[in-house]
Structure formats: structure tokens, C-alpha cells
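To find a chain, count down the sequence lines: A is the first, B the second, and so on, and within it residues start at 1.
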2 protein chains.
Amino acid sequence: MSQFDTKTRILDAGEHLFARDGFHNTSLRAITSLAKVNLAAVNYHFGSKEALLQAVIERRLLPLNQLRKKQIDAVLAAAAATGAAPSAKALLRAFIEPTLAFRSAGPGAQDFIALIGRSMSEPDETVRNCFIGLVLPNFRLFFESLQLALPQLPSAVLMARVQFTLGAMSHVMCTSHKPIINDPSAPKPLDDTTLIEQLLQFVTSGLEAPQ
Amino acid sequence: MSQFDTKTRILDAGEHLFARDGFHNTSLRAITSLAKVNLAAVNYHFGSKEALLQAVIERRLLPLNQLRKKQIDAVLAAAAATGAAPSAKALLRAFIEPTLAFRSAGPGAQDFIALIGRSMSEPDETVRNCFIGLVLPNFRLFFESLQLALPQLPSAVLMARVQFTLGAMSHVMCTSHKPIINDPSAPKPLDDTTLIEQLLQFVTSGLEAPQ
DNA sequence: CAGCGTTTCAAACGCGTGTTTTAATCGATC
DNA sequence: GATCGATTAAAACACGCGTTTGAAACGCTG
């Protein structure tokens, strides 16, 4: 068993358990036992539990951020080419779609999305700082692009509406698979593609609402 | 020092620390030391740490639920009197406004709102079950009323949009006081009243969006 | 095959946790 | 003022935690 296998298995197990139970409620013993590695392996390969969390988040979030930046830049470039302002919906799609579509990217991806969805309102600084530090540049670009799309909105209002958008998005990210109402009377949840389109429609309409 | 004082001081301290640090990251020693009571007092008066959490949530959520029900019922009654369908915005206001306005209700109220805002996506079942059990009847009434207001929406779509609404709302509840961007360049956050109106405008527009 | 850096392993360390225990103290009632 | 249940207090309990240790096993290189 090579080092690569061990590190990856620890990352996979950590991703799954951090997402399911939260950072503080997940023990290294649970992670190493799920990963079928020795307890000391986490500290040997990553240094600490906290550093493992950082590695878990970085592994997926760095590529995701790159993708989101690429798509936002593409929207901005297309708008610049025609001389028009970028459309809010296109920007929202560039930011939201890669994130949510990522859930179908493979086993563990859905866990990861739930993890970072929850990180946004995480009380613990360990988790929140790790997440916010990684996502901030991306968010800044997103916000500034939206200012171009909706120049008539005061920036404090736009910021509030972007926060609402993030809230709706993160809520979908961490709870879409466990509906609040579990009755037979409750409607069946939408499939992922429809859900993304509905979310886009919802937040676009909210962002563009008259003041 | 009477029993009442002790129990109340424990509830206040628990509310504050659970909201600030999360349930699992808050120790009974931190709570009892903040409340200036003996460590054993929590188990004596409440039975366990988990039962304390339940008491903390119930103390505020039961009256809040009553208020929300009263306001929703009032909107429904007013609509029934005129024979028209209730308006989505009035229902949203009846559900959202008491919750967010509650933050100004006194010291500890803001902590509490953050606590239940986060409970919605809490990974730990201890917290989530306690919260969901209390809020479910209220939520059901809210959802069924919205079906009257927006009868043209398929109920699965409406449910998704209501989830988006809850996400935006809970995100405001637990993060409005700590903005993501902390630059001098970042816009000043809105005051509470404006924030509530903006949230209402946002989610109304999203809920009523064309399909 | 010897030597050596890397990785795995079992065991233990120190610490903080929620809870329980046992005794002391309080406050109302007879 | 004595009595008795309710409350407070200090101490200890058993347990699980993240981390560290030191030796064993591995895999490569000469």
C-alpha cells in the first residue's frame, strides 16, 4: 500500500465523515477506522486534524474555484465584446452551476458540497476561516461582476441580495437530499438539473427585483 | 439565590454559548462558569446537556411559533373574508418578520436567532431533531398557505422555492452580523428593518417568478 | 544482501468531557 | 428551634479525544 493510497483514503474518509457529522463531532479514530489505516497516519501525513480538514477542502475547492472563475470571466468577456453589461442570470449560472453540478461528479462529491455548504455559517472558526480564505477571491470577483450587471442597485442592497443568494444556495447544497417534511403527502424532490434551473430562476428574479 | 434564578441563568448562558460556539463545541464547564453556578446544576435542573439544549430552544421557539401561526392565520382570514387568495408577500411577511424582528427583542435574542438559523442545516441529529420537531407544524401551515397563494405552481416547484426562501432566511439569521468581505471597500451592512424588507422583496420576487 | 529513509503499527500520554456521588447548606413548615 | 425536602457544592468517575512515541516493517539503492 503506497503513501498515495493512504493519503487518498484518509481524505475520502475525512470528507465523508466531516460532511456527515461535522468537524468537531468526527474523531480521528472514526476516520482512520473507515479509511482502514492506522490512527497515527493522519498526524503523520497531514500534521493534525485541522490540517486534514484544510486538505479535504482544498482538494476539491481549488479546482472548483478555477472553474467558476473561468466561467465568470467568459461571461464578462462575452459582454465586453458586445459592449453591453453582463446579464445577472449568466453570472449567477457561472457561479452556481459548477458548484451544484459538482455533486454528480462522483462518490464523495455530494458529501463535499454539503460540507462547504455548511461551512458558510459554521460557528467554529477552524472550519469557517479555512473555507472563507479559499473562497473569498472568487466571491469578490462574483460580487464585482454583479455590480456591472446591476449598476442601478446601491452596493449595500446588492450585497444583501447576494447574501440571500448564497443562503439559498448553501441551503440547497447541504439539505437537498433530506427534505424537511417526510410525509407521503410531501411533494417528491426535484431532480438535480431541474433544481439548479429553479434555483437560478429564483435568485435571478430576487436579484433583479425592483427596490 | 432561588431555583428560578439558577435555571434562567443557565438557560441564558447556554443560549449564548451554543449560538456562539455550537452545541458540541460548548462545554458544561463553560456554561456553568459563565452562569456562575455549580457544574452539577445543569444535570440537576435539566437532566443532561442535550435536555438543556432542548429547553434553550423551546423557551423562545414556542412563543415565536405561536406568533407566526397567529399572523399566518390572520392573513388567511383576511383573504377568506374577501374571497380572494392570500398574497404570497403577506404570508412571507407573517412567517419571516416575527423571526427576524425577534433579534431586537432583548439581549440573547440575536444569539438565539443565530442558533436556530444554524439548526436548519445542523449535521448533528441532536440539534436538528430538536429544532425540526418544534418547527414542523409551523412550517407545514406556512407551506399549505402558500399553495393557496400560488396555486398555479406545481407543489414540488413550490417546495423547492420555499426551501430557497428558508435558506436565504437562515443565512441572514446566522450571518448578518459578520459580513464575508471585511474590506473598507465593502458596503456597510443594512440596518435590520431595511434588511427584512429587502429579504421580503427578494423572496417574494423569487417565489412568484415565472416557471 | 546490507543500509537507510519512509511508512505503518501498537501503545500510551495528558487532557477535557458529561455525568454521578456524597456531603453541606438553605428555607419553609410544624 | 427542630425537621425535612430542595438546592448547592466539591470531588471524583469513566471515557473518548488529539497527539506523541519508539519500534517494527517496508521498499528502494548501492
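Residues passing the side chain to side chain donor-acceptor pair (under 3.5 Å) test with A:T193: none are found, sequence neighbours excluded. Evaluation of the side chain to side chain donor-acceptor pair (under 3.5 Å) rule for B:Q198 yields A:R161 as partners, not counting sequence neighbours. Take B:T26 and apply the side chain to side chain contact (heavy atoms under 4.5 Å, CB included) test, not counting sequence neighbours, and it matches B:L17, B:F18, B:D21, B:I31. Every side chain to side chain contact (heavy atoms under 4.5 Å, CB included) that A:V75 has, sequence neighbours left out, goes to A:P86, A:A90, A:L91, A:A94. Checked against side chain to side chain donor-acceptor pair (under 3.5 Å), B:Q147 has no partners two or more places apart in sequence or in another chain.
The NZ atom of A:K36 sits 16 Å away from the P atom of C:dT8 (whole-angstrom rounding). In this structure, B:N38 places its CG atom 6 Å from C1' of D:dT8, rounding to the nearest Å. When rounded to the nearest whole Å, the span between CG of A:L52 and P of D:dG18 equals 11 Å. For the pair A:D21 CG and D:dC17 P, the computed distance is 11 Å after rounding to whole Å. We find that OH of B:Y44 is positioned 18 Å from P of C:dA24, with the value rounded to whole Å. Residue A:I31 contributes atom CD1, which lies 14 Å from atom C1' of D:dT19 at whole-angstrom precision.
A:K69 NZ: 12 or fewer foreign heavy atoms inside a 6.0 Å radius.
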Item to check | Summary of protein contacts for nucleotides 13-19 of chain C, nucleotide by nucleotide, where a base hit scores B, a sugar-phosphate-only hit scores S (4.0 Å, heavy atoms) | outcome: ----BBB

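Close to C:dT6, at under 4.0 Å from its OP1 or OP2, lies no side-chain N or O of A:H45.
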